[in-house]
Amino acid sequence: MRVVFEIPLPKKAELMALLEADPYGEQSPAPYQKMSFARNGYKVKDGLTLDEDREKLYLVLRGADDFLPFAKMKLGDMATLCKPEVNDRVMKKIEDEESGAEQGMGAIFG
């Protein structure tokens, strides 16, 4: 699973509180025991840094397919899945950013 959610910028504090709550998934309801955003991993980027809508945040999730229903349940009405073309653009930008960081670390540690 590789998905990107859009969240209105004014909801940033609410989003961050949700993402950081219950990092070990100890309070996740059935059938999502032991699932959490922290265990799965995520990235939050604002639209301005991604050359996308500057009034939105983008939550990037990668992981097992069974995590998507959990993410949708937890995010509720706060977030919506991006359109496929936006999803692809954001994922490409994130992957390019990560690749550049890896190359930079390789240059440092040779």
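When reading the values below, keep in mind they use all heavy atoms of this one structure, side chains included, and skip hydrogens, waters and symmetry mates.
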Hey, is the main chain of G63 close enough, under 3.5 Å, to the side chain of N40 for a donor-acceptor pair? no

Look at E98 together with K93 and state whether they make a salt bridge at an N to O cut-off of under 4.0 Å. no

Of E85, M91, K83, R89, which meets side-chain contact (heavy atoms from CB on, under 4.5 Å) against N87? M91

Rest of the hydrophobic cluster containing F37 (Ile/Leu/Val/Met/Phe/Trp/Tyr, side-chain heavy atoms under 4.5 Å)? M1, V3, F5, I7, L9, L15, M16, L18, L19, Y32, M35, Y42, V44, L57, L59, L61, F67, L68, F70, M73, L75, M78, L81

Would a 4.5 Å heavy-atom cut-off, applied to side chains only, mark E52 and K45 as touching? no

Inspect the contact between K34 and E26 and indicate whether a charged nitrogen and a carboxylate oxygen are less than 4.0 angstrom apart. no

So K92 and E97, do their side chains get closer than 4.5 Å, heavy atoms only? no

Salt bridge check, E6 against K11: does any charged N sit closer than 4.0 Å to a carboxylate O? no

Which pair of non-hydrogen atoms, one from S36 and one from P23, has the smallest distance, and what is that distance? OG-O, 2.7 Å

Do C82 and V90 have side-chain heavy atoms sitting under 4.5 Å apart? no

Check the surroundings of atom CZ in R54: do more than 12 heavy atoms from other residues, nucleotides or ligands lie under 6.0 Å from it? no

Do I94 and R62 have side chains that approach each other closer than 4.5 Å (heavy atoms only, starting at C-beta)? yes

How close do Y58 and D46 get, heavy atom to heavy atom, and via which atoms? CD1-C, 4.4 Å

